[in-house]
Each structure stands twice: as C-alpha cells, then as structure tokens.
Amino acid sequence: DKWDKDHLNWLLGQDIRGSTVGFYGFGGIGQAVAKRLMGFEIDRVLYTTRNRVRQDIEEQYNAKKVDFDTLLAESDFLIIASPLTKDTLGLFNATAFNKMKETAVLVNVGRGKIVNQDDLYEALKSSRIFAAGLDVMDPEPLPSNNKLLALDNVVVTPHVGYATRRTRIDAANLASRNVLQGLAGEPML
C-alpha cells in the first residue's frame, strides 16, 4: 500500500529484448526455456555444456557454445539449468560473479548447491550483479530469516517451476508408462 510512484527508477528491471541470454546447461530444460524466450526478441543465446548441441538446434535458437568465462562475461541473463555434480558444486561463486556484468540477472532452475549462496548474497548486496531469481536453493525451503530473503533484488520461488496441473499430470503419466515398460522389460521413456 506504499507505492513509491514518484521516483523515476522505482521497480525498474533489465530489458530482455535485444539481450544475450546464457545457459549453463542447454539440454531439454534449457532448450525449452530458450524456445519460450524467442517471443521476447532476445538477440542471441550462449551456452556452456559438456557437449555441443546439434547444429539445427543452434540455428533454431541462434545459439553458440562458449567457454564458461565467455558465458559469464557476455550474458545479460544467465540461466542455470544443470544437474548437480562434483564439478558443478559451488561453481557459481565470488570468482564467477566478479566476471559477470553488473547488469546481469542470474536465474537458477538447476540445483541449489550449484550456487554459493553466501557469495551470491554479497554479489547482490554490493550490486556486483543486478538481480537473481531462484527456484532452487540450499536448503529448501530457505529459513525465513535467511539473509537472501531480505534483499530487494532477489526473487525466491519454492521449487515450483514445474507446478502446473498439466505438467504434473504429464509427469505422472510418464512415470506410470515407465513402470509398465520396465515391468515388460522394454526400454523406459
């Protein structure tokens, strides 16, 4: 009830139109997000993965495989859509944040432990990066007194990026079909 509408820059974010969107992990989830971003007139997609995706996928999304440092330096929005492994644990830390643009927005839909949350807090608090959106974190849920929740430039959702009726029905159907195929000795979907 206290809209600060008299300030010109109140609640301004970063424009995704014309931006470079980076993906750390560009498998099925990353590509699904990229598909949805096409309507927002982004300029290009950069991605870092172990293996290059097919050329037709790169062409479809105007995507280019780059090394991790290039991904950090050139992304306006950086989406983490990677599994947690020994190599990704804490990968997004102070060193990584210091290589990002001050206007960058970090979005984590992968796994919470990929991001060092203490370093993320410092990067956000000091305006080293512009903002973060977290659908995954460590622990889940974050305690209500977690320092990240006190920041104005972070949005936290309760690990519900998939939470639609259709998606949950599709997941249940897939699990059921896999059980039946597994019992029949057939390859699972």
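For the atom pair OG1 of Thr157 and CG of Asp135, the computed distance is 3.5 Å after rounding to the nearest 0.5 Å. If you take CG on Leu120 and CG on Asn93, they are separated by 11.0 Å, rounding to the nearest 0.5 Å. Atom-to-atom distance recorded for Phe23:CZ and Ser75:OG is 9.5 Å, nearest 0.5 angstrom.
Proximity of Val136 to Leu84: side-chain heavy atoms (C-beta onward) are nowhere separated by under 4.5 Å. Between Thr70 and Thr48, the closest side-chain pair of non-hydrogen atoms is not below 4.5 Å. Side chains of Asn178 and Leu174 form a contact here, defined as non-hydrogen atoms less than 4.5 Å apart. For the pair Leu89 and Ile114, the minimum side-chain heavy-atom distance is 4.5 Å or more. Here the side chains of Ser144 and Asn146 are not in contact, with every heavy-atom distance at 4.5 Å or above. Taking 4.5 Å as the limit, every side-chain heavy atom of Val115 sits out of range of all side-chain heavy atoms of Met137.
No side-chain donor-acceptor contact under 3.5 Å links Thr20 and Asp43.
A salt bridge is absent between Glu58 and Lys65; no separation between the charged side-chain nitrogens and carboxylate oxygens falls under 4.0 Å.
Note: the hydrophobic cluster containing Val53 does not contain Val66 (ILVMFWY, side chain heavy atoms under 4.5 Å, direct or indirect links). One hydrophobic cluster holds both Phe97 and Leu71 under the rule that ILVMFWY side chains link at heavy-atom gaps under 4.5 Å. Under a hydrophobic clustering in which Ile, Leu, Val, Met, Phe, Trp and Tyr are joined whenever their side-chain heavy atoms come within less than 4.5 Å, directly or via other members, Ile79 and Leu124 fall into different clusters. Cluster membership for Leu149 and Ile129, using ILVMFWY side-chain heavy atoms within less than 4.5 angstrom, is shared. Taking hydrophobic clusters as Ile, Leu, Val, Met, Phe, Trp and Tyr residues chained together by side-chain heavy-atom distances below 4.5 Å, Val154 shares a cluster with Ile80.
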Give every donor-acceptor pair under 3.5 Å between a side-chain atom in residues 100-109 and any protein atom, sequence neighbours left out.
from	atom 1	to	atom 2	distance (Å)
Lys101	NZ	Glu74	O	3.4
Lys101	NZ	Asp76	OD1	2.8
Asn108	OD1	Gly110	N	2.9
Asn108	ND2	Arg111	O	3.0

Identify every side-chain donor-acceptor pair in residues 181-189 under 3.5 Å, counting partners at least two apart or on other chains, and give the distances.
from	atom 1	to	atom 2	distance (Å)
Gln181	NE2	Pro187	O	2.6

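In this structure, the side chain of Asn98 engages the main chain of Ala94 through a donor-acceptor pair within 3.5 Å. In terms of modelled atom types and a separation under 3.5 Å, the side chain of Thr88 and the main chain of Thr85 share a donor-acceptor contact.
Under the side-chain hydrogen bond (donor to acceptor under 3.5 Å, both in side chains) criterion, no residue pair touches residues 27-36, with sequence neighbours excluded. For residues 30-61, every residue pair satisfying the ring-ring contact (aromatic ring centres under 6.0 Å, His included) rule, not counting sequence neighbours, is listed here: Phe26-Tyr47. Within the structure, the ring-ring contact (aromatic ring centres under 6.0 Å, His included) test picks out the following pairs touching residues 75-94 (sequence neighbours left out): Tyr24-Phe92, Phe68-Phe92. The side-chain hydrogen bond (donor to acceptor under 3.5 Å, both in side chains) pairs that include a residue from residues 163-176 are Tyr162-Arg168, Thr164-Thr167, where partners are two or more places apart or lie in different chains.
The number of heavy-atom neighbours closer than 6.0 Å to CG of Asp152, taken from other residues, nucleotides and ligands shown, is 12 or below. Sparse packing is recorded around CD1 of Ile29, with 12 or fewer heavy atoms of other residues, nucleotides or ligands lying under 6.0 Å away.
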| field | Worked verdict on Leu46 versus Arg44 for side-chain contact (heavy atoms from CB on, under 4.5 Å) | value | CA-CA 7 Å; Leu46 301 178; Arg44 65 184 175 143; 3.7 Å; yes

| query | Step by step, would you call Lys147 with Asp118 a side-chain contact (heavy atoms from CB on, under 4.5 Å)? | reply | CA-CA 9 Å; Lys147 59 189 174 183; Asp118 289 330; 3.2 Å; yes

